Amino acid sequence: MSTTAVDYARENHPRFLNELKDLLRIPSISTLPEHAGDCRKAAQKLADELRRIGMENVRLIETSGHPLVYADWLHAVGKPTVLTYGHYDVQPADPLEEWHTPPFEPTERNGNLYARGAVDDKGQMYMHVKALESLLKTNGALPLNVRVLLEGEEEVGGEGIAAYVASKPSDLNADFALVSDTELFAPGLPTLCVGLRGMIYTELEVRGAKTDLHSGIYGGAAPNPFVALAQIIARLKDESGRILIPGFYDDIIPPSAEELAAWKSLPFDEEEYRRTEVGSKELVGEPGLSVLERTWARPTLDVHGMPGGFIGAGAKTVIPARAIAKISMRLVPAMTPAKAFAQYKEYVEEITPSGVEVQVRLIHQGDPCLIPVDNPYIHAATRALHEVWGKDTVFIRGGGSIPIVGDFAKHLGLPSVMMGFGLPDDNLHAPNEKFHLKNFELGIRSIIRFLEEAGR
Ligand code: BES
Ligand code: MN
Ligand code: MN
(Lines give C-alpha, C1' and ligand atoms only; values in the text may rest on other atoms or scores of the structure.)
(Ligands and ions follow the chains in the order given, each with its own letter.)
Protein backbone atom coordinates (compact mmCIF):
# COMPACT_ATOMS: atom_id res chain seq x y z
CA MET A 1 0.00 0.00 0.00
CA SER A 2 1.61 3.26 -1.10
CA THR A 3 1.84 5.95 1.51
CA THR A 4 2.44 8.89 -0.80
CA ALA A 5 1.42 9.75 -4.33
CA VAL A 6 5.08 9.71 -5.36
CA ASP A 7 5.38 6.12 -4.02
CA TYR A 8 2.22 5.14 -5.89
CA ALA A 9 3.64 6.53 -9.14
CA ARG A 10 6.89 4.64 -8.59
CA GLU A 11 5.10 1.34 -7.87
CA ASN A 12 2.75 1.67 -10.83
CA HIS A 13 5.26 2.94 -13.34
CA PRO A 14 5.31 -0.18 -15.57
CA ARG A 15 1.52 -0.02 -15.94
CA PHE A 16 1.62 3.74 -16.64
CA LEU A 17 4.07 3.05 -19.44
CA ASN A 18 1.94 0.28 -20.94
CA GLU A 19 -1.09 2.55 -20.93
CA LEU A 20 0.87 5.27 -22.68
CA LYS A 21 1.91 2.77 -25.32
CA ASP A 22 -1.75 1.90 -25.94
CA LEU A 23 -2.50 5.58 -26.45
CA LEU A 24 0.45 5.96 -28.82
CA ARG A 25 -0.84 3.10 -30.98
CA ILE A 26 -3.79 5.29 -32.03
CA PRO A 27 -2.68 7.34 -35.08
CA SER A 28 -4.51 10.53 -34.08
CA ILE A 29 -3.06 12.70 -36.85
CA SER A 30 -5.20 15.81 -36.75
CA THR A 31 -4.36 17.20 -40.18
CA LEU A 32 -5.33 14.08 -42.19
CA PRO A 33 -9.11 13.70 -42.70
CA GLU A 34 -8.81 9.91 -42.90
CA HIS A 35 -7.64 9.90 -39.26
CA ALA A 36 -10.61 11.81 -37.82
CA GLY A 37 -11.92 8.54 -36.37
CA ASP A 38 -8.58 7.92 -34.66
CA CYS A 39 -8.65 11.38 -33.13
CA ARG A 40 -12.05 10.66 -31.64
CA LYS A 41 -10.85 7.25 -30.45
CA ALA A 42 -7.92 8.89 -28.60
CA ALA A 43 -10.27 11.45 -27.04
CA GLN A 44 -12.66 8.71 -25.94
CA LYS A 45 -9.86 6.65 -24.46
CA LEU A 46 -8.62 9.62 -22.41
CA ALA A 47 -12.14 10.39 -21.23
CA ASP A 48 -12.58 6.76 -20.11
CA GLU A 49 -9.29 6.88 -18.22
CA LEU A 50 -10.11 10.20 -16.53
CA ARG A 51 -13.40 8.68 -15.37
CA ARG A 52 -11.67 5.53 -14.13
CA ILE A 53 -9.17 7.44 -11.97
CA GLY A 54 -11.98 9.35 -10.25
CA MET A 55 -12.27 12.62 -12.16
CA GLU A 56 -15.80 13.98 -12.44
CA ASN A 57 -18.00 15.62 -15.09
CA VAL A 58 -15.93 13.89 -17.74
CA ARG A 59 -17.16 14.56 -21.25
CA LEU A 60 -16.22 15.23 -24.83
CA ILE A 61 -16.95 18.75 -26.03
CA GLU A 62 -17.69 18.94 -29.74
CA THR A 63 -15.98 21.62 -31.82
CA SER A 64 -15.79 22.55 -35.49
CA GLY A 65 -13.09 19.84 -35.69
CA HIS A 66 -11.84 17.14 -33.32
CA PRO A 67 -13.44 16.99 -29.86
CA LEU A 68 -12.09 18.47 -26.64
CA VAL A 69 -11.94 16.33 -23.50
CA TYR A 70 -13.04 17.93 -20.24
CA ALA A 71 -12.93 16.65 -16.66
CA ASP A 72 -12.85 18.22 -13.23
CA TRP A 73 -12.49 17.58 -9.52
CA LEU A 74 -13.54 20.57 -7.45
CA HIS A 75 -13.73 19.52 -3.82
CA ALA A 76 -10.64 21.25 -2.42
CA VAL A 77 -12.49 24.03 -0.61
CA GLY A 78 -10.48 27.22 -0.29
CA LYS A 79 -7.69 25.95 -2.55
CA PRO A 80 -6.73 27.35 -5.95
CA THR A 81 -7.91 25.78 -9.21
CA VAL A 82 -5.54 24.58 -11.89
CA LEU A 83 -6.52 24.10 -15.52
CA THR A 84 -4.32 21.37 -16.96
CA TYR A 85 -3.90 21.39 -20.72
CA GLY A 86 -2.46 18.95 -23.25
CA HIS A 87 -3.05 17.79 -26.82
CA TYR A 88 -3.79 14.26 -27.98
CA ASP A 89 -3.29 14.96 -31.68
CA VAL A 90 0.02 14.31 -33.42
CA GLN A 91 1.87 15.34 -36.56
CA PRO A 92 1.93 13.08 -39.63
CA ALA A 93 4.65 10.41 -39.44
CA ASP A 94 6.21 10.71 -42.90
CA PRO A 95 8.84 10.05 -44.18
CA LEU A 96 8.08 6.54 -42.93
CA GLU A 97 11.23 4.93 -44.32
CA GLU A 98 13.37 6.97 -41.94
CA TRP A 99 11.83 5.49 -38.79
CA HIS A 100 13.89 2.68 -37.21
CA THR A 101 10.68 1.17 -35.78
CA PRO A 102 7.15 2.02 -36.99
CA PRO A 103 5.77 5.32 -35.66
CA PHE A 104 2.60 3.82 -34.23
CA GLU A 105 4.26 0.76 -32.68
CA PRO A 106 5.82 2.31 -29.57
CA THR A 107 9.21 0.72 -28.89
CA GLU A 108 11.64 1.03 -25.98
CA ARG A 109 15.27 1.45 -26.98
CA ASN A 110 18.28 2.89 -25.05
CA GLY A 111 16.15 4.30 -22.26
CA ASN A 112 13.77 6.02 -24.68
CA LEU A 113 10.27 5.34 -25.91
CA TYR A 114 10.05 5.83 -29.68
CA ALA A 115 6.70 6.69 -31.31
CA ARG A 116 4.96 9.58 -33.01
CA GLY A 117 3.48 11.64 -30.18
CA ALA A 118 5.77 10.09 -27.52
CA VAL A 119 6.82 13.54 -26.31
CA ASP A 120 4.60 15.87 -28.40
CA ASP A 121 2.32 15.63 -26.64
CA LYS A 122 0.71 12.32 -25.66
CA GLY A 123 3.50 11.27 -23.30
CA GLN A 124 3.60 14.66 -21.61
CA MET A 125 -0.18 15.00 -21.45
CA TYR A 126 -0.37 11.53 -19.93
CA MET A 127 2.00 12.59 -17.13
CA HIS A 128 -0.80 14.89 -15.92
CA VAL A 129 -3.35 12.07 -15.95
CA LYS A 130 -1.02 9.74 -14.06
CA ALA A 131 -0.09 12.43 -11.51
CA LEU A 132 -3.82 12.97 -10.86
CA GLU A 133 -4.36 9.21 -10.55
CA SER A 134 -1.47 8.90 -8.07
CA LEU A 135 -2.87 11.71 -5.92
CA LEU A 136 -6.47 10.47 -6.06
CA LYS A 137 -5.64 6.84 -5.37
CA THR A 138 -3.42 7.54 -2.36
CA ASN A 139 -5.37 10.35 -0.71
CA GLY A 140 -8.87 9.93 -2.07
CA ALA A 141 -8.67 13.64 -2.84
CA LEU A 142 -6.60 16.20 -4.73
CA PRO A 143 -4.52 18.92 -3.02
CA LEU A 144 -6.24 21.62 -5.09
CA ASN A 145 -9.14 21.95 -7.52
CA VAL A 146 -8.44 20.59 -10.97
CA ARG A 147 -9.98 21.08 -14.37
CA VAL A 148 -8.57 19.08 -17.28
CA LEU A 149 -8.85 20.32 -20.87
CA LEU A 150 -7.38 18.30 -23.74
CA GLU A 151 -7.52 19.18 -27.42
CA GLY A 152 -7.08 17.31 -30.67
CA GLU A 153 -6.17 20.14 -33.03
CA GLU A 154 -3.07 21.78 -31.55
CA GLU A 155 -0.92 20.71 -34.49
CA VAL A 156 -3.33 22.34 -36.93
CA GLY A 157 -3.80 25.65 -35.17
CA GLY A 158 -6.37 24.81 -32.49
CA GLU A 159 -9.40 26.55 -33.94
CA GLY A 160 -11.88 24.51 -31.89
CA ILE A 161 -10.31 25.13 -28.50
CA ALA A 162 -9.71 28.80 -29.35
CA ALA A 163 -13.44 29.33 -29.97
CA TYR A 164 -14.31 27.45 -26.78
CA VAL A 165 -11.86 29.43 -24.62
CA ALA A 166 -12.93 32.75 -26.20
CA SER A 167 -16.52 31.98 -25.14
CA LYS A 168 -15.24 32.09 -21.52
CA PRO A 169 -17.26 29.11 -20.25
CA SER A 170 -17.57 28.90 -16.47
CA ASP A 171 -16.11 25.39 -16.80
CA LEU A 172 -12.75 27.04 -17.30
CA ASN A 173 -12.79 29.23 -14.17
CA ALA A 174 -9.34 28.71 -12.69
CA ASP A 175 -6.36 30.46 -11.13
CA PHE A 176 -3.59 29.19 -13.38
CA ALA A 177 -2.92 26.75 -16.20
CA LEU A 178 -0.43 23.88 -16.30
CA VAL A 179 0.97 23.03 -19.73
CA SER A 180 3.48 20.22 -20.34
CA ASP A 181 4.30 20.56 -24.03
CA THR A 182 7.79 22.10 -23.97
CA GLU A 183 11.35 20.98 -23.28
CA LEU A 184 14.11 20.90 -20.71
CA PHE A 185 16.90 23.21 -21.79
CA ALA A 186 19.39 20.37 -21.29
CA PRO A 187 19.17 16.80 -19.94
CA GLY A 188 18.65 16.79 -16.18
CA LEU A 189 18.15 20.57 -16.00
CA PRO A 190 14.73 21.55 -14.62
CA THR A 191 13.21 24.16 -16.89
CA LEU A 192 10.19 26.39 -17.05
CA CYS A 193 9.28 27.92 -20.37
CA VAL A 194 8.02 31.48 -19.94
CA GLY A 195 7.55 32.65 -23.51
CA LEU A 196 6.50 31.27 -26.87
CA ARG A 197 6.43 32.66 -30.37
CA GLY A 198 3.10 33.15 -32.06
CA MET A 199 2.53 32.47 -35.72
CA ILE A 200 0.64 33.06 -38.91
CA TYR A 201 0.53 30.15 -41.34
CA THR A 202 -0.33 31.20 -44.86
CA GLU A 203 -0.67 30.02 -48.43
CA LEU A 204 0.16 32.03 -51.53
CA GLU A 205 -1.57 30.84 -54.67
CA VAL A 206 -0.31 32.25 -57.94
CA ARG A 207 -2.23 31.81 -61.19
CA GLY A 208 -0.90 32.48 -64.68
CA ALA A 209 -2.35 30.90 -67.82
CA LYS A 210 -5.88 29.47 -67.93
CA THR A 211 -4.51 25.92 -68.19
CA ASP A 212 -1.18 24.05 -68.10
CA LEU A 213 0.75 24.76 -71.30
CA HIS A 214 3.52 23.18 -73.41
CA SER A 215 6.68 24.98 -72.26
CA GLY A 216 8.22 24.88 -75.74
CA ILE A 217 5.26 26.22 -77.60
CA TYR A 218 4.38 28.89 -75.01
CA GLY A 219 7.66 29.42 -73.12
CA GLY A 220 8.74 33.04 -73.51
CA ALA A 221 5.18 34.29 -73.72
CA ALA A 222 3.17 32.63 -70.95
CA PRO A 223 3.87 33.62 -67.30
CA ASN A 224 5.24 30.92 -65.01
CA PRO A 225 3.63 30.90 -61.53
CA PHE A 226 6.57 29.09 -59.93
CA VAL A 227 9.03 31.69 -61.15
CA ALA A 228 6.66 34.41 -59.91
CA LEU A 229 6.47 32.71 -56.50
CA ALA A 230 10.26 32.44 -56.35
CA GLN A 231 10.51 36.15 -57.13
CA ILE A 232 8.00 36.99 -54.42
CA ILE A 233 9.72 34.77 -51.85
CA ALA A 234 13.11 36.25 -52.67
CA ARG A 235 11.77 39.65 -51.67
CA LEU A 236 10.27 38.52 -48.35
CA LYS A 237 13.59 38.02 -46.55
CA ASP A 238 17.09 39.28 -47.33
CA GLU A 239 20.34 37.33 -47.18
CA SER A 240 21.02 38.39 -43.61
CA GLY A 241 17.70 36.91 -42.50
CA ARG A 242 15.87 40.22 -42.14
CA ILE A 243 12.21 40.13 -43.10
CA LEU A 244 11.50 42.83 -45.70
CA ILE A 245 7.79 43.32 -45.03
CA PRO A 246 7.38 47.03 -44.22
CA GLY A 247 6.55 47.66 -40.57
CA PHE A 248 6.99 44.02 -39.59
CA TYR A 249 9.38 44.79 -36.71
CA ASP A 250 7.58 47.88 -35.41
CA ASP A 251 5.78 46.41 -32.40
CA ILE A 252 8.49 44.12 -31.05
CA ILE A 253 9.31 44.43 -27.37
CA PRO A 254 12.93 43.31 -26.98
CA PRO A 255 13.83 40.99 -24.10
CA SER A 256 14.92 42.78 -20.94
CA ALA A 257 18.56 43.14 -19.99
CA GLU A 258 17.99 40.66 -17.12
CA GLU A 259 16.48 38.09 -19.45
CA LEU A 260 19.32 38.46 -21.96
CA ALA A 261 21.89 38.09 -19.18
CA ALA A 262 20.14 34.95 -17.94
CA TRP A 263 20.19 33.45 -21.45
CA LYS A 264 23.94 34.12 -21.66
CA SER A 265 24.53 31.98 -18.61
CA LEU A 266 22.61 28.98 -19.97
CA PRO A 267 24.74 25.98 -20.94
CA PHE A 268 24.65 26.47 -24.70
CA ASP A 269 27.30 26.26 -27.39
CA GLU A 270 26.29 27.56 -30.82
CA GLU A 271 28.88 25.46 -32.67
CA GLU A 272 27.77 22.29 -30.91
CA TYR A 273 24.14 23.18 -31.69
CA ARG A 274 25.01 23.70 -35.36
CA ARG A 275 26.78 20.36 -35.55
CA THR A 276 24.53 18.11 -33.49
CA GLU A 277 21.05 19.59 -33.67
CA VAL A 278 20.91 21.39 -37.01
CA GLY A 279 23.59 19.55 -38.98
CA SER A 280 24.05 22.26 -41.61
CA LYS A 281 27.27 23.79 -42.90
CA GLU A 282 26.51 27.12 -41.26
CA LEU A 283 23.75 28.73 -39.25
CA VAL A 284 21.77 31.61 -40.71
CA GLY A 285 19.94 34.58 -39.27
CA GLU A 286 20.22 38.18 -38.25
CA PRO A 287 23.82 39.20 -37.57
CA GLY A 288 24.78 40.35 -34.09
CA LEU A 289 22.12 38.30 -32.32
CA SER A 290 22.72 35.00 -30.54
CA VAL A 291 20.95 31.80 -31.62
CA LEU A 292 18.77 31.94 -28.51
CA GLU A 293 17.75 35.52 -29.27
CA ARG A 294 17.08 34.69 -32.92
CA THR A 295 14.95 31.65 -32.15
CA TRP A 296 13.17 32.93 -29.03
CA ALA A 297 12.83 36.68 -29.34
CA ARG A 298 12.86 37.54 -33.06
CA PRO A 299 10.23 36.90 -35.71
CA THR A 300 11.09 34.70 -38.63
CA LEU A 301 9.68 33.55 -41.95
CA ASP A 302 9.89 30.09 -43.49
CA VAL A 303 8.71 28.31 -46.61
CA HIS A 304 7.36 24.81 -45.95
CA GLY A 305 6.53 23.51 -49.38
CA MET A 306 5.48 24.50 -52.88
CA PRO A 307 2.86 22.08 -54.15
CA GLY A 308 1.90 22.09 -57.82
CA GLY A 309 3.49 21.58 -61.21
CA PHE A 310 5.34 18.43 -62.17
CA ILE A 311 7.06 16.53 -59.35
CA GLY A 312 7.09 12.98 -60.72
CA ALA A 313 10.22 11.06 -61.72
CA GLY A 314 11.71 12.10 -65.04
CA ALA A 315 10.85 15.22 -66.98
CA LYS A 316 7.68 16.88 -68.19
CA THR A 317 7.85 20.11 -70.15
CA VAL A 318 4.95 22.08 -68.80
CA ILE A 319 4.21 25.63 -67.69
CA PRO A 320 1.87 25.01 -64.77
CA ALA A 321 -1.23 27.20 -64.65
CA ARG A 322 -0.96 27.59 -60.87
CA ALA A 323 1.50 27.22 -58.03
CA ILE A 324 1.21 27.38 -54.25
CA ALA A 325 3.70 28.21 -51.51
CA LYS A 326 3.06 27.40 -47.86
CA ILE A 327 4.72 30.14 -45.83
CA SER A 328 4.63 30.82 -42.11
CA MET A 329 5.93 33.58 -39.90
CA ARG A 330 6.75 33.25 -36.19
CA LEU A 331 5.79 36.28 -34.14
CA VAL A 332 7.15 37.65 -30.85
CA PRO A 333 5.63 39.95 -28.23
CA ALA A 334 3.87 42.36 -28.92
CA MET A 335 3.26 41.53 -32.57
CA THR A 336 -0.29 40.45 -33.42
CA PRO A 337 -1.33 37.92 -36.05
CA ALA A 338 -3.92 40.31 -37.52
CA LYS A 339 -1.48 43.15 -38.11
CA ALA A 340 1.34 40.88 -39.31
CA PHE A 341 -0.99 39.22 -41.82
CA ALA A 342 -2.31 42.55 -43.11
CA GLN A 343 1.25 43.87 -43.61
CA TYR A 344 2.32 40.66 -45.36
CA LYS A 345 -0.72 40.56 -47.64
CA GLU A 346 -0.34 44.16 -48.71
CA TYR A 347 3.37 43.72 -49.43
CA VAL A 348 2.92 40.45 -51.36
CA GLU A 349 0.24 42.01 -53.54
CA GLU A 350 2.56 44.93 -54.22
CA ILE A 351 5.60 42.81 -55.22
CA THR A 352 3.74 40.22 -57.29
CA PRO A 353 5.15 40.32 -60.84
CA SER A 354 2.79 41.42 -63.57
CA GLY A 355 1.19 38.70 -65.66
CA VAL A 356 0.08 36.58 -62.70
CA GLU A 357 -2.52 36.90 -59.99
CA VAL A 358 -1.89 36.13 -56.36
CA GLN A 359 -4.22 35.04 -53.59
CA VAL A 360 -2.96 35.37 -50.00
CA ARG A 361 -4.69 33.02 -47.58
CA LEU A 362 -4.42 32.75 -43.79
CA ILE A 363 -4.54 29.09 -42.72
CA HIS A 364 -4.14 29.53 -38.97
CA GLN A 365 -2.78 31.95 -36.41
CA GLY A 366 -1.73 32.20 -32.78
CA ASP A 367 -0.57 34.96 -30.46
CA PRO A 368 2.92 35.05 -28.98
CA CYS A 369 3.09 34.98 -25.20
CA LEU A 370 5.36 36.06 -22.40
CA ILE A 371 4.48 34.94 -18.89
CA PRO A 372 5.13 36.96 -15.75
CA VAL A 373 7.26 34.79 -13.46
CA ASP A 374 6.62 36.45 -10.14
CA ASN A 375 3.55 34.50 -9.01
CA PRO A 376 2.98 31.80 -6.37
CA TYR A 377 2.45 29.08 -9.00
CA ILE A 378 5.84 29.60 -10.62
CA HIS A 379 7.37 29.63 -7.14
CA ALA A 380 5.60 26.38 -6.25
CA ALA A 381 6.89 24.89 -9.50
CA THR A 382 10.52 25.78 -8.80
CA ARG A 383 10.26 24.29 -5.28
CA ALA A 384 8.84 21.04 -6.65
CA LEU A 385 11.41 20.87 -9.45
CA HIS A 386 14.28 21.47 -7.05
CA GLU A 387 13.13 18.62 -4.87
CA VAL A 388 12.81 16.15 -7.76
CA TRP A 389 15.80 17.19 -9.92
CA GLY A 390 18.15 18.55 -7.23
CA LYS A 391 18.84 21.74 -9.17
CA ASP A 392 17.66 25.30 -9.54
CA THR A 393 15.19 25.87 -12.38
CA VAL A 394 16.23 27.75 -15.50
CA PHE A 395 13.71 30.02 -17.21
CA ILE A 396 13.73 29.91 -20.98
CA ARG A 397 11.54 30.83 -23.89
CA GLY A 398 10.61 28.51 -26.73
CA GLY A 399 10.72 29.22 -30.44
CA GLY A 400 7.67 27.03 -31.06
CA SER A 401 4.03 27.97 -30.64
CA ILE A 402 1.21 26.71 -28.45
CA PRO A 403 -1.56 29.08 -29.53
CA ILE A 404 -3.87 28.37 -26.60
CA VAL A 405 -1.39 29.64 -23.99
CA GLY A 406 -1.86 33.20 -25.25
CA ASP A 407 -5.63 32.66 -25.26
CA PHE A 408 -5.61 31.43 -21.65
CA ALA A 409 -4.06 34.77 -20.67
CA LYS A 410 -6.15 36.93 -23.01
CA HIS A 411 -9.61 35.46 -22.42
CA LEU A 412 -9.36 33.79 -19.01
CA GLY A 413 -6.68 35.90 -17.33
CA LEU A 414 -4.70 32.77 -16.49
CA PRO A 415 -0.93 32.69 -16.11
CA SER A 416 0.47 29.40 -17.43
CA VAL A 417 3.13 27.26 -15.85
CA MET A 418 4.86 25.62 -18.81
CA MET A 419 6.57 22.65 -17.21
CA GLY A 420 7.74 20.38 -20.00
CA PHE A 421 10.11 17.44 -19.99
CA GLY A 422 11.07 16.92 -23.62
CA LEU A 423 14.74 16.97 -24.64
CA PRO A 424 16.32 19.02 -27.43
CA ASP A 425 17.03 15.83 -29.40
CA ASP A 426 13.57 14.25 -29.04
CA ASN A 427 12.82 14.70 -32.76
CA LEU A 428 9.50 16.53 -32.45
CA HIS A 429 7.59 16.47 -35.76
CA ALA A 430 10.43 14.39 -37.26
CA PRO A 431 11.17 10.69 -37.80
CA ASN A 432 12.11 8.73 -34.64
CA GLU A 433 10.33 10.99 -32.18
CA LYS A 434 11.05 9.79 -28.67
CA PHE A 435 10.45 10.47 -24.99
CA HIS A 436 13.28 9.81 -22.55
CA LEU A 437 11.76 7.29 -20.13
CA LYS A 438 13.46 8.82 -17.11
CA ASN A 439 11.82 12.14 -17.99
CA PHE A 440 8.40 10.48 -18.17
CA GLU A 441 9.00 9.12 -14.67
CA LEU A 442 10.50 12.28 -13.15
CA GLY A 443 7.93 14.38 -14.98
CA ILE A 444 5.06 12.56 -13.25
CA ARG A 445 6.84 12.98 -9.93
CA SER A 446 7.46 16.68 -10.59
CA ILE A 447 3.81 17.27 -11.44
CA ILE A 448 2.60 15.42 -8.33
CA ARG A 449 4.89 17.52 -6.15
CA PHE A 450 3.97 20.70 -8.02
CA LEU A 451 0.24 20.17 -7.52
CA GLU A 452 0.88 19.45 -3.83
CA GLU A 453 2.96 22.62 -3.46
CA ALA A 454 0.45 24.74 -5.41
CA GLY A 455 -2.30 23.55 -3.06
CA ARG A 456 -0.32 24.03 0.12
N1 BES B 1 4.74 21.36 -28.45
C2 BES B 1 4.90 22.11 -29.65
C3 BES B 1 5.43 23.50 -29.44
C4 BES B 1 6.74 23.63 -28.72
C5 BES B 1 7.74 22.66 -28.83
C6 BES B 1 6.98 24.73 -27.95
C7 BES B 1 8.92 22.81 -28.13
C8 BES B 1 8.17 24.90 -27.29
C9 BES B 1 9.15 23.92 -27.38
C10 BES B 1 3.57 22.17 -30.36
O11 BES B 1 2.91 20.92 -30.44
C12 BES B 1 3.78 22.59 -31.80
O13 BES B 1 4.44 21.90 -32.51
N14 BES B 1 3.14 23.69 -32.17
C15 BES B 1 3.07 24.10 -33.52
C16 BES B 1 1.94 25.07 -33.52
C17 BES B 1 1.30 25.41 -34.78
C18 BES B 1 0.97 24.26 -35.66
C19 BES B 1 0.13 26.32 -34.54
C20 BES B 1 4.34 24.78 -33.95
O21 BES B 1 5.04 25.39 -33.13
O22 BES B 1 4.67 24.67 -35.13
MN1 MN C 1 2.93 19.98 -28.65
MN1 MN D 1 3.88 19.81 -32.13
Side-chain angles (χ1 to χ4, degrees), residues 20-50 59-70 84-96 99 102-106 115-126 128-129 148-166 179-182 196 198-203 304-305 307 326 328 330 337 361-367 398 400-408 420 422 426-431 433 435:
L20 172 58
K21 288 180 186 171
D22 286 341
L23 185 64
L24 289 167
R25 286 190 187 96
I26 305 173
S28 47
I29 305 167
S30 49
T31 200
L32 301 178
E34 62 269 32
H35 286 287
D38 292 314
C39 291
R40 185 164 295 269
K41 207 166 129 190
Q44 198 62 62
K45 190 175 176 61
L46 286 159
D48 291 345
E49 181 60 11
L50 286 162
R59 61 178 194 275
L60 299 195
I61 298 171
E62 297 302 328
T63 70
S64 55
H66 308 305
L68 305 173
V69 182
Y70 174 86
T84 72
Y85 162 86
H87 64 93
Y88 64 77
D89 64 321
V90 301
Q91 290 271 328
D94 57 282
L96 288 178
W99 286 78
F104 298 106
E105 291 175 24
R116 170 58 85 233
V119 71
D120 187 12
D121 178 46
K122 282 175 176 165
Q124 299 217 62
M125 172 194 65
Y126 211 61
H128 292 183
V129 180
V148 175
L149 184 64
L150 310 176
E151 73 161 311
E153 296 183 296
E154 196 278 339
E155 301 291 8
V156 291
E159 206 181 298
I161 196 172
Y164 182 64
V165 166
V179 177
S180 298
D181 194 21
T182 54
L196 293 168
M199 83 179 314
I200 52 175
Y201 198 109
T202 76
E203 254 176 27
H304 305 290
K326 291 176 181 284
S328 81
R330 299 277 170 174
R361 292 191 286 259
L362 181 62
I363 308 288
H364 61 67
Q365 57 175 356
D367 283 310
S401 309
I402 309 173
I404 204 61
V405 174
D407 292 353
F408 285 158
D426 274 348
N427 301 320
L428 278 74
H429 296 198
E433 177 179 347
F435 196 2

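For clarity, every value in this text was computed on a predicted model and none was experimentally measured.
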Item checked: Taking every non-hydrogen atom, the tightest pair across Phe104 and Leu24 -> CD2-O, 3.5 Å
Next item on the list: Only counting residues at least two apart or in another chain, list the ones meeting side chain to side chain donor-acceptor pair (under 3.5 Å) with Tyr70.
Entry: Asp72, Arg147
Next item on the list: Of all the heavy-atom pairs spanning Thr84 and His128, show the shortest one and how long it is.
Entry: CB-ND1, 3.6 Å
Checklist line | Heavy-atom closest pair, residues Arg116 and Asn427 | finding: NH1-O, 4.3 Å
Check: How many angstroms lie between CZ in Arg25 and CD in Glu105, if you round to the nearest 0.5 Å?
Finding: 8.0 Å
Margin query: Checking Glu153 against Thr63 for the side chain to side chain contact (heavy atoms under 4.5 Å, CB included) test, could you report, in this order, the C-alpha distance in whole Å, the side-chain angles of both residues, the deciding distance, and whether it holds?
Written below: CA-CA 10 Å; Glu153 296 183 296; Thr63 70; 3.8 Å; yes
Check: Do side-chain atoms of Glu433 reach the backbone of Asp120 as a donor and acceptor pair under 3.5 angstrom?
Finding: yes
Next item on the list: Run the numbers on Arg40 and Leu60 for side chain to side chain contact (heavy atoms under 4.5 Å, CB included), then give the verdict.
Entry: CA-CA 9 Å; Arg40 185 164 295 269; Leu60 299 195; 4.2 Å; yes
Margin query: Show the nearest heavy-atom pair for residues His35 and Ile29, with the distance to one decimal.
Written below: CB-O, 3.6 Å
Note to self: Under the rule for side chain to side chain donor-acceptor pair (under 3.5 Å), what residues qualify as partners of Asp94, not counting sequence neighbours?
What the structure shows: none
Next item on the list: Working to the nearest 0.5 Å, report the span between CG of Asp181 and NE2 of His87.
Entry: 3.5 Å
Item checked: From CA spacing to verdict: side chain to side chain contact (heavy atoms under 4.5 Å, CB included), Leu149, Val69 -> CA-CA 6 Å; Leu149 184 64; Val69 182; over 6 Å; no
Next item on the list: First locate atom CD1 of Ile161, then atom CD1 of Ile61, and finally report the distance between them rounded to the nearest 0.5 Å.
Entry: 9.0 Å
Note to self: Minimum heavy-atom separation for Ser180 and Gln124, please, with both atom names.
What the structure shows: O-CB, 3.0 Å
Margin query: Check the orientation of Tyr85 and Phe408. Use parallel for under 30°, tilted for 30 to 60°, and perpendicular for over 60°.
Written below: perpendicular
Next item on the list: With rounding to the nearest 0.5 Å, note down the distance linking SG in Cys39 to CD in Glu151.
Entry: 11.0 Å
Check: Once you round to the nearest 0.5 Å, how far does CG of Asp367 lie from CD1 of Ile402?
Finding: 13.5 Å
Check: Got a second to check how far His304's NE2 is from Thr202's OG1, nearest 0.5 Å?
Finding: 8.0 Å
Next item on the list: Start with the C-alpha gap between His364 and Glu159, add the side-chain angles, then the distance that decides, and say whether side chain to side chain contact (heavy atoms under 4.5 Å, CB included) holds.
Entry: CA-CA 8 Å; His364 61 67; Glu159 206 181 298; over 6 Å; no
Note to self: Can you give me the closest heavy-atom contact between Thr31 and Pro92, atom names plus distance?
What the structure shows: CG2-CG, 3.7 Å
Margin query: Could you tell me if the side chain of Lys45 sits less than 4.5 Å from the side chain of Ile26, heavy atoms only?
Written below: yes
Margin query: Strictly distance-based, threshold 3.5 Å: is any side-chain N or O of Asp121 a donor or acceptor partner for the main-chain N or O of Gly86?
Written below: no
Next item on the list: Return yes when atom NZ of Lys41 has more than 12 non-hydrogen atoms of other residues, nucleotides or ligands closer than 6.0 Å, and no otherwise.
Entry: no
Notebook entry, point to check: Does Gln91 reach the main-chain N or O of Ala430 with its side chain, forming a donor-acceptor pair under 3.5 Å?
Noted result: no
Note to self: Quick one, Tyr88 with His66, criterion ring pair (Phe, Tyr, Trp, His ring centres under 6.0 Å). Give me CA distance, side-chain angles, the key distance, then yes/no.
What the structure shows: CA-CA 10 Å; Tyr88 64 77; His66 308 305; 7.5 Å; no
